Amino acid sequence: MRRLVRTEGLTAEQDEILAVVRQFVDKKIIPVATELEHADEYPTEIVEGLKELGIFGLMIPEEYGGLGESLLTYALVVEEIARGWMSVSGVINTHFIVAHMLKQHGTEEQKLKYLPRMATGEVRGAFSMSEPGLGSDVSAITTKATRTDDGYEITGQKMWLTNGGSSTLVAVLCKTDEGSESAYKNMSTFLVEKESGFGETAQGVTIPGKIDKMGYKGIDTTEMILDNHRISADQILGCTPGNGFYQMMDGVEVGRVNVGARAVGIANRAFELGIRYAQQRETFGKPIAQHQAILFRIAEMATKVETAHSMVVRAARLKDAGKRMDVEAGMAKMIASEYCNEVVQDSFRIHGGYGYSKEYEIERLYREAAFMLIGEGTSDIQKMIIGRSLLKDYRI
């Protein structure tokens, strides 16, 4: 019986959704994850299975064909999926950031145009804010949308698009000249449509190919090059220019909860593997789990998993309640990603030399955990966000 990462106060429907997803992960993802990851193969059959389960429409309102579930439900589903294979959770992450941004900031016409097809997975979303020289300074973006007689032309280079190849709708942050002294009010989010695949996927839109990564395999992480891409003004999210930065930051808050949930899923799986191996492996005439050093390590691992899970749940519940949660999302993302790496390393050490072998699942988790430290902002960035916000709240 599983004791960790259990959430109190869930509805019967939430419990049912999680049970279905957990069964899918155990039967359809875990048995093939390591093989697919080593081959860097896109998980086509798994993605089709998620479509059948309705996961692509999980947070999309019922009136647009989705299940209308909360961010909390989504975070808990992500924990389960990442426990099986973190890359699969990445398939739905940026999709849901875009769906959330459309739900919160899109016009009714934009919602009707995209959300029903996003709910089925027919339209797949990607989120594009970063650039090659950008780092965490969003105000320094150089991709520019220039006004024309019938709309805009976008030129620039974007980086680190998760689902860059498989997506068909990309939310792209661009500079627009709105005449404001603040750089943050001179940005707009454009809804760029394209074909799935690589090469020229739309007029003036090129997806060069997959970026080869240390981990996070299978999923397509790409660049996107925009060369005078012509787009109409009604493809600005909300149809009002100048709100792009704030729309993107709203999406990033959802993304931070997602990355925190992914980190919990990885850590939970590492704990499961570590405590199982500790009971199977014997040294000095007894299972290593009976040695105090290993027993203490298991206790610390479990405590870290549970702490991270609790913080992710709190941040998600605040967002669902419509309350401010920039600090809580930053804390959850920071602690979950740091603890994930520590738990994975402890499980790796419990496995000893076998943990270094590609035959063992912990080797994959070791590489995947590193990505949690940088996805949706490093721990240092989270500390800046948290610290600045707390200074405002506790100003003397």
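For clarity, every value in this text was computed on a predicted model and none was experimentally measured. Atoms considered below: every heavy atom in the structure, side chains included; atoms not considered: hydrogens, waters and symmetry mates.
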Same apolar cluster (I L V M F W Y, side chains within < 4.5 Å links), Met59/Met325: yes
Within 6.0 angstrom of Gln203 CD, more than 12 heavy atoms from elsewhere: yes
Check: Gln279 side chain, Pro287 main-chain N or O, donor-acceptor pair, under 3.5 Å: no
Within 6.0 angstrom of Gln104 CD, more than 12 heavy atoms from elsewhere: yes
Over 12 foreign heavy atoms within 6.0 Å of CD, Glu35: no
Pairwise side-chain contact, Phe96 with Leu58, heavy-atom cut-off 4.5 Å (strictly under): yes
Salt bridge (Lys or Arg N to Asp or Glu O under 4.0 Å) pairs, two or more places apart, involving residues 379-396: Arg324-Asp393
Phe271: partners by ring pair (Phe, Tyr, Trp, His ring centres under 6.0 Å), with sequence neighbours left out: none
Co-membership, hydrophobic cluster, residues Met331 and Val257, 4.5 Å side-chain: no
With Asp26 via side-chain contact (heavy atoms from CB on, under 4.5 Å) - residues at least two apart: Arg22, Ile30, Arg83
Residue list, side-chain contact (heavy atoms from CB on, under 4.5 Å) with Thr283, at least two apart or on another chain: Arg281, Ile288, His291
For Ile97 against Gly255, the heavy-atom pair lying closest together: CD1-CA, 3.8 Å
Any side-chain heavy-atom pair of Asn268 and Glu79 under 4.5 Å: no
Close side-chain approach of Phe56 and Val91, heavy atoms under 4.5 Å: yes
Qualifying residues under side-chain contact (heavy atoms from CB on, under 4.5 Å), relative to Phe296, sequence neighbours excluded: Gln292
Contact check, side chains of Thr73 and Ile17, non-hydrogen atoms, under 4.5 Å: yes
Closest non-hydrogen atom pair between Met118 and Ala99, with its separation: CE-N, 3.8 Å
Over 12 foreign heavy atoms within 6.0 Å of NZ, Lys103: yes
Parallel, tilted or perpendicular, as decided by the 30° and 60° cut-offs, for the rings of Phe348 and Tyr366: tilted
Lys323 side-chain N/O to Arg317 backbone N/O, donor-acceptor pair under 3.5 Å: no
Closest non-hydrogen atom pair, Arg256 against Glu376: NE-O, 3.2 Å
Distance in Å, Glu153 CD paired with Thr148 OG1, rounded so as to fall on 0.5 Å steps: 6.0 Å
Verdict with supporting geometry, Lys304 and Glu300, salt bridge (charged side-chain N to carboxylate O under 4.0 Å, His left out): CA-CA 6 Å; Lys304 289 173 181 177; Glu300 291 174 358; 5.0 Å; no
CA sep, side-chain torsions, deciding dist, call: Leu18, Thr7, side-chain contact (heavy atoms from CB on, under 4.5 Å): CA-CA 11 Å; Leu18 292 174; Thr7 310; 5.9 Å; no
CD/Glu282: more than 12 non-hydrogen atoms of other groups inside 6.0 Å: yes
Donor-acceptor contact present, side-chain Ser337 to main-chain Lys333, <3.5 Å: yes
Exercise: do His105 and Asn243 side chains pair donor with acceptor under 3.5 Å: no
Hydrophobic cluster (4.5 angstrom, side-chain heavy atoms) - remaining members for Ile231: Tyr152, Ile154, Leu161, Val170, Val172, Phe190, Val192, Phe198, Val205, Ile207, Met224, Leu226, Ile236
Which atom of Glu306 lies closest to which atom of Val5, heavy atoms considered: OE1-N, 2.9 Å
Close side-chain approach of Ser310 and Arg314, heavy atoms under 4.5 Å: no
Over 12 foreign heavy atoms within 6.0 Å of NZ, Lys51: yes
Path from Val327 to Val254 over hydrophobic side-chain contacts below 4.5 Å: no
Glu178: partners by side-chain contact (heavy atoms from CB on, under 4.5 Å), with sequence neighbours left out: Arg147, Thr176, Asn186, Ser188, Pro241
Listed once per pair and sorted, the ring-ring contact (aromatic ring centres under 6.0 Å, His included) pairs that draw on residues 234-257, sequence neighbours left out: Tyr184-Phe245
Other ILVMFWY residues reachable from Trp160 by side-chain steps of under 4.5 Å: Met159, Ile211
Residue pair Lys113, Glu109: steps toward the side-chain contact (heavy atoms from CB on, under 4.5 Å) verdict: CA-CA 6 Å; Lys113 181 178 181 180; Glu109 290 76 12; over 6 Å; no
Joint cluster assignment, Ile298 & Leu365, ILVMFWY side-chain distance < 4.5 Å: yes
Worked verdict on Thr142 versus Gln157 for side-chain contact (heavy atoms from CB on, under 4.5 Å): CA-CA 8 Å; Thr142 59; Gln157 183 179 5; over 6 Å; no
Donor-acceptor pair between Asp234 and Ser232 side chains, under 3.5 angstrom: yes
Val343 backbone acceptor or donor facing Ser347 side chain under 3.5 Å: no
Enclosure of Lys27 NZ (heavy-atom neighbours >12, cutoff 6.0 Å): no
Any side-chain donor near an acceptor of the partner, Ser87 and Glu37, under 3.5 Å: no
side-chain contact (heavy atoms from CB on, under 4.5 Å) between Ser70 and Gln14, worked out: CA-CA 9 Å; Ser70 62; Gln14 286 174 315; 3.6 Å; yes
Minimum heavy-atom distance between Ser196 and Ser166, given as atom pair plus value: CB-O, 3.7 Å
Side-chain heavy atoms of Glu361 within contact of Arg269, under 4.5 Å: yes
Partners meeting salt bridge (charged side-chain N to carboxylate O under 4.0 Å, His left out) with Asp346 (sequence neighbours left out): Arg297, Arg349
His95 versus Ser167, side-chain donor and acceptor atoms under 3.5 Å: no
Which residues share a side chain to side chain donor-acceptor pair (under 3.5 Å) with Thr378, sequence neighbours left out: none
Met86 vs Tyr216 side-chain heavy atoms within contact, under 4.5 Å: yes
Whichever hydrophobic residues join Ile381 through chains of side-chain contacts under 4.5 Å: Met384, Ile385
Candidate pair Lys319 and Asp326, rule salt bridge (charged side-chain N to carboxylate O under 4.0 Å, His left out), full reasoning: CA-CA 9 Å; Lys319 186 77 169 178; Asp326 54 339; over 6 Å; no
Cluster link Met334 to Val264, ILVMFWY, side chain under 4.5 Å: no
Minimal non-hydrogen separation, Lys210 against Asp220, with atom names: CG-CB, 3.9 Å
Close side-chain approach of Ile350 to Ile362, heavy-atom, < 4.5 Å: no
